[in-house]
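Below is one structure, written out as structure tokens; the observations come after it.
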Amino acid sequence: MSIDTTPLDWDLSKVIPGQVVTPEPAADDEDDIAPGVLEVRPSYPPVLRKAGGAAMVVAAVAGKAIGITARASWTGSVWFGAGFKAGCVLGWRYVRAHDHQEVLGGMSSGADWTKVKQTRLSRWKFLGWATVVTPIVDLLGWWAITAWADIPAVYSGPILPTLEAAAAIAAVTAYGRYRLNAPAIAAGQVVADMDNPENEDPYPIAWVTSGGQAADCLARALYAEGADYRDVKTIARHPWGWEIEVILKGATPGKVQAAADQMESHMGLPDGGFMIEPDTRDKSRIVVRLVQQNPFADMPAPAAHAPRSLSVHDVIVMGRAMDGSLLELTLDGFCALIVGAMGAGKTLGALRTFNEALTACRDAVVWDLDPIKGGLSEFGQLMARVARTPEECEEALEEALSYVSARRHLMASLGMGDRWHASEKHPNLYINIDEFIQLSQRGKELAIKILRTGRQYGIYLIMAGQEATADALGDAVAMIIAYRVLMACRFEDVKIAFGPGAGAQGWRPDRMKPAVGPVANDAGQAMIMGGPFNRAIRYQFNKYSRDQIVSAAADRVAAGMPAMDTDTLLKAGAKLSQTGQRGSLTDRLAQSGHDDAALILTLLQAFDSAKRDYLPTNETILPALVAAGFGDVDATALANRLRKHAPGAKAGREDCLEGKYLRGWHRASVEQAAAGLFDPAKTRQNPGTTPA
């Protein structure tokens with residue numbers, strides 16, 4: 001066995017210096033531990049490196065201390081400045097006795113001036129004595145410290161003034177911090193008014209987090225206004241606020257409503273955010289709605305109805321109530337007065353919503369009357385008649401009134417009973433009158449007559465205006481209208497349209513705000529009275545855009561528009577057939593299987609093409625008959641066939657475009673023959689002169 005004894009090449013620069021330590025074994029230690037424990041010598045860095053690290057630590061600590069000191073000094077100076085400024089204001093109010101003047105309610109008499117003068121004098125005396133007494137107290141204190149504490153006089157002299165100055169600075173700084181943390185405190189107010197929910201004072205509804213707290217918040221506000229109650233409990237929490245039931249005790253709904261402004265102030269509600277709805281079955285029970293934000297902010301955009309998909313007998317959704325229930329209407333019997341200020345949403349909200357539904361009905365004919373503006377122009381050809389001047393409106397209302405007279409005679413023969421029953425063959429007529437106040441005096445008289453008599457015969461007015469003034473329609477007339485829709489308006493309008501005592505019962509649409517520029521406010525919202533509507537609650541009409549209506553109008557025109565029934569037109573008089581309602585008459589003639597129906601239809605089409613009411617026989621009428629295939633009809637045969645259905649019909653002679661004093665026929669005689677063709681009982685009538 002050989003052992004390599006070649007020496008190793010050690011790198012001694014990498015060897016850790018130290019020495020081998022051989023431990024002394026213990027007497028009872030049986031373990032054989034080989035010597036060789038290495039004792040490491042600590043490494044000492046250079047002196048400059050160690051000194052540099054300490055300098056950086058000192059610099060960092062010193063910089064941080066300086067920064068903290070500077071920030072604290074700046075913050076303290078801001079607090080001191082605010083306190084010093086407030087102290088100056090309060091000092092001036094103190095010496096000038098402004099607080100005393102406010103207690104007196106102003107300086108209204110010489111006695112008030114005398115009282116204030118005495119207060120000022122007494123306060124100046126107090127300040128004067130305080131100025132004299134303070135140095136004396138400091139002098140006595142300096143003497144006591146010097147004599148008893150054995151402190152030299154030169155050192156003991158500044159002690160008390162320094163302590164007093166430090167205390168004053170600390171007090172002013174603390175007061176300044178207090179005022180900065182209470183920014184709502186007035187300049188002349190010493191301390192801020194504190195709202196404490198633990199006492200009996202009202203507090204803001206914004207503090208409320210539960211139904212019990214909401215009821216307590218309302219109960220305190222009611223108690224503060226002297227409205228006693230038996231019970232207050234929360235009904236529901238809505239995204240817009242709270243709905244709370246109140247059982248009154250010794251108070252009335254009117255008393256609560258009269259304090260609405262104060263209640264809003266107590267609870268921190270927005271203007272108009274306090275609403276009540278009395279229970280019609282129990283006058284002591286009211287539902288209070290505390291509205292903190294727009295109750296209709298989450299209302300989805302509506303979809304337009306399909307053409308001819310509705311009937312006036314259907315229940316149609318027109319919008320939503322603020323409690324989440326639907327605004328539903330049946331349009332049969334719907335006669336309405338809509339009142340609202342400019343920007344309230346009468347035209348773009350209420351009228352547009354009503355007419356979107358009406359023009360989708362297969363049993364409703366709609367007119368658009370507006371004496372000064374553009375009316376409902378977005379509906380286009382869906383409006384069977386359009387009037388844009390007071391004179392045109394007057395003519396349309398005269399025609400509508402004649403329909404009332406005609407249907408009065410028709411109802412018995414049609415077997416409708418006591419009230420007109422709308423159908424596709426005999427539709428209702430709805431007449432929109434926007435800005436009804438601008439109607440002529442004659443127009444207003446006609447509108448009132450239609451209001452009083454038209455409902456029974458399926459002819460209804462939907463009137464909109466900015467005011468419900470007595471000189472426009474009269475309060476008595478307003479109360480007979482089936483539905484009164486009030487949007488943002490005046491309180492005078494509430495009294496006329498809803499009745500003198502309605503405001504005290506929570507009907508306060510005058511507290512709503514119309515739109516101002518791009519700010520919508522309460523535009524499109526309304527309170528409705530009449531028919532099934534007996535709740536003092538706000539509704540929001542559907543928000544249809546103009547593009548929606550224009551697109552729907554094109555589809556509805558293509559699907560076919562309802563027209564006034566021939567029975568009403570003929571009974572009302574042939575002279576009324578010049579108003580654009582002729583489609584119903586010609587359609588009925590085209591569908592008739594009578595031998596003379598096609599001949600009479602050809603004659604009416606000739607009048608329509610010429611846009612005249614008198615046509616000469618040989619020059620115009622006979623050529624039109626020949627072109628239509630009636631080549632065997634001459635002047636004599638034509639007269640005989642017309643007189644078969646209208647014995648009183650006669651040809652005449654008039655000057656016309658074709659020549660002087662030419663023999664021909666009036667359209668009224670042809671329509672009289674058409675009436676006799678459909679109903680032989682009419683053959684003796686002359687609808688071309690006056691309404692039947």
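Aromatic pair Tyr430/Tyr460: centroids less than 6.0 angstrom apart. Aromatic rings from Tyr457 and Trp420 are positioned such that their centres are separated by 6.0 Å or more.
Between the side chain of Asp314 and the main chain of Ile316, no donor-acceptor pair closer than 3.5 Å is present. Within the 3.5 Å criterion, the main-chain N or O of Asp547 finds no donor-acceptor partner in the side chain of Glu378. For the pair Asp363 (side chain) and Val312 (backbone), a donor-acceptor distance under 3.5 Å is present. In this structure, Arg362 contributes its side chain and Pro562 its backbone to no donor-acceptor pair below 3.5 Å. Of the possible polar contacts, none joining the Arg320 side chain to the Leu326 backbone as a donor-acceptor pair under 3.5 Å is found. In terms of modelled atom types and a separation under 3.5 Å, the side chain of Thr353 and the main chain of Gly349 share a donor-acceptor contact. Side-chain atoms of Asp493 come within 3.5 Å of backbone N or O of Arg490 as a donor-acceptor pair. The closest donor-acceptor contact from the side chain of Asp370 to the backbone of Lys373 lies under 3.5 Å. The main-chain N or O of His266 is never found under 3.5 Å from a side-chain atom of Arg220 such that the two would form a donor-acceptor pair. Side-chain N or O atoms of Glu264 include one that pairs as donor or acceptor with a backbone N or O of Gly272 at under 3.5 Å.
Here the side chains of Met322 and Gln540 are not in contact, with every heavy-atom distance at 4.5 Å or above. Two residues are said to be in side-chain contact when any heavy atoms from C-beta on lie closer than 4.5 Å; Trp367 and Val386 fail this criterion. In this structure, the side chains of Met275 and Val287 stay at 4.5 Å or more apart for every pair of heavy atoms. In this structure the side chain of Val366 never reaches within 4.5 angstrom of the side chain of Leu382, judged on heavy atoms. For the pair Trp207 and Cys217, the minimum side-chain heavy-atom distance is 4.5 Å or more. Side-chain contact between Leu439 and Pro390: absent, with no pair of heavy atoms (C-beta onward) separated by less than 4.5 Å. The side-chain heavy atoms of Met463 and Asn432, taken from C-beta on, include no pair separated by under 4.5 Å. Between Phe436 and Gln466 the shortest side-chain heavy-atom distance does not fall below 4.5 Å.
Between Leu358 atom CG and Leu329 atom CG the span is 10.0 Å, to the nearest 0.5 Å. The line from CD of Glu394 to CG of Leu446 is 6.0 Å long, rounded to the nearest 0.5 Å. Atom CG in Leu376 sits 9.5 Å away from atom CD1 in Ile549 (nearest 0.5 Å). Taking CZ of Phe274 as the start and CG of Leu269 as the end, the distance is 8.5 Å to the nearest 0.5 Å. Between atom NE2 of residue His313 and atom CG of residue Leu331 there is a gap of 10.5 Å, rounded to the nearest 0.5 Å. The distance from the CD atom of Glu424 to the SG atom of Cys361 is 11.0 Å, given to the nearest 0.5 Å.
Tested against Phe354 for a ring-ring contact (aromatic ring centres under 6.0 Å, His included), the candidates Tyr483, Phe379, Phe541 yield a single pass: Phe541. No option in Leu397, Ile450, Ile338 other than Leu397 meets the side chain to side chain contact (heavy atoms under 4.5 Å, CB included) test with Ile433. A salt bridge (Lys or Arg N to Asp or Glu O under 4.0 Å) with Glu243 is found for one member of Lys233, Arg237, Arg289 and no other, namely Arg289.
The minimum heavy-atom distance linking His426 with Asp567 is given by the pair NE2-OD2, 2.8 Å. Listed here is the closest heavy atom pair of Tyr229 and Ala219: OH-CB, 3.2 Å. A pairwise comparison of heavy atoms in Arg352 and Tyr544 identifies NH1-O, 2.9 Å as the closest pair. What you find for Ala488 and Met512 is that their closest heavy atoms are CB-O, 3.6 Å. Annotation for Ala464 and Leu351: closest pair CB-CD1, 3.8 Å, computed over non-hydrogen atoms. Smallest separation of non-hydrogen atoms from Thr234 and Ala215: OG1-N, 3.7 Å.
Annotation: Gln381, atom CD; neighbour count of heavy atoms from other residues, nucleotides and ligands within 6.0 Å does not exceed 12. Atom OH of Tyr223 sits in a sparse spot, with 12 or fewer heavy atoms from other residues, nucleotides or ligands closer than 6.0 Å.
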Using the side-chain contact (heavy atoms from CB on, under 4.5 Å) rule, take Arg546 and Ser377 through it: C-alpha gap first, then chi angles, then the decisive distance, then the call. CA-CA 10 Å; Arg546 185 180 184 88; Ser377 59; 3.1 Å; yes

For Val339 and Val485, run side-chain contact (heavy atoms from CB on, under 4.5 Å): C-alpha distance rounded to whole Å, both residues' side-chain angles, the deciding distance at 0.1 Å, then the answer. CA-CA 6 Å; Val339 178; Val485 181; over 6 Å; no

Test side-chain contact (heavy atoms from CB on, under 4.5 Å) applied to Leu222 and Met263, step by step: CA-CA 7 Å; Leu222 290 170; Met263 300 290 286; 3.5 Å; yes

side-chain contact (heavy atoms from CB on, under 4.5 Å) assessment of Asp323 paired with Arg535: CA-CA 11 Å; Asp323 64 352; Arg535 300 180 60 192; 2.9 Å; yes

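Ion pair Arg419/Asp332 flagged as a salt bridge, since at least one NZ, NE, NH1 or NH2 atom sits closer than 4.0 Å to an Asp/Glu carboxylate oxygen. A salt bridge is defined here as a Lys NZ or Arg NE, NH1 or NH2 lying under 4.0 Å from an Asp or Glu carboxylate O, and Asp434 with Arg388 fails to meet this definition. A salt bridge does not link Asp279 with Lys283: none of the charged nitrogens is closer than 4.0 Å to a carboxylate oxygen. No salt bridge links Arg442 with Glu395; every basic N to acidic carboxylate O contact stays at or beyond 4.0 Å. Asp565 has a carboxylate O that lies under 4.0 Å from a charged side-chain N of Arg407, or vice versa, which qualifies the two as a salt bridge.
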Show me, pair by pair, the donor-acceptor contacts under 3.5 angstrom made by side chains of residues 515-527, not counting sequence neighbours?
residue : atom : partner : partner atom : Å
Asn521  : ND2  : Pro514  : O            : 2.9
Asp522  : OD2  : Lys513  : N            : 2.8
Gln525  : OE1  : Arg538  : NH1          : 3.4

Result block: side-chain N/O donor-acceptor pairs under 3.5 angstrom for residues 247-257, not counting sequence neighbours:
residue : atom : partner : partner atom : Å
Thr252  : OG1  : Lys255  : N            : 3.2
Lys255  : NZ   : Gly226  : O            : 2.9

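Checked by atom type, the side-chain pair Thr209/Gln213 shows a donor-acceptor distance below 3.5 Å.
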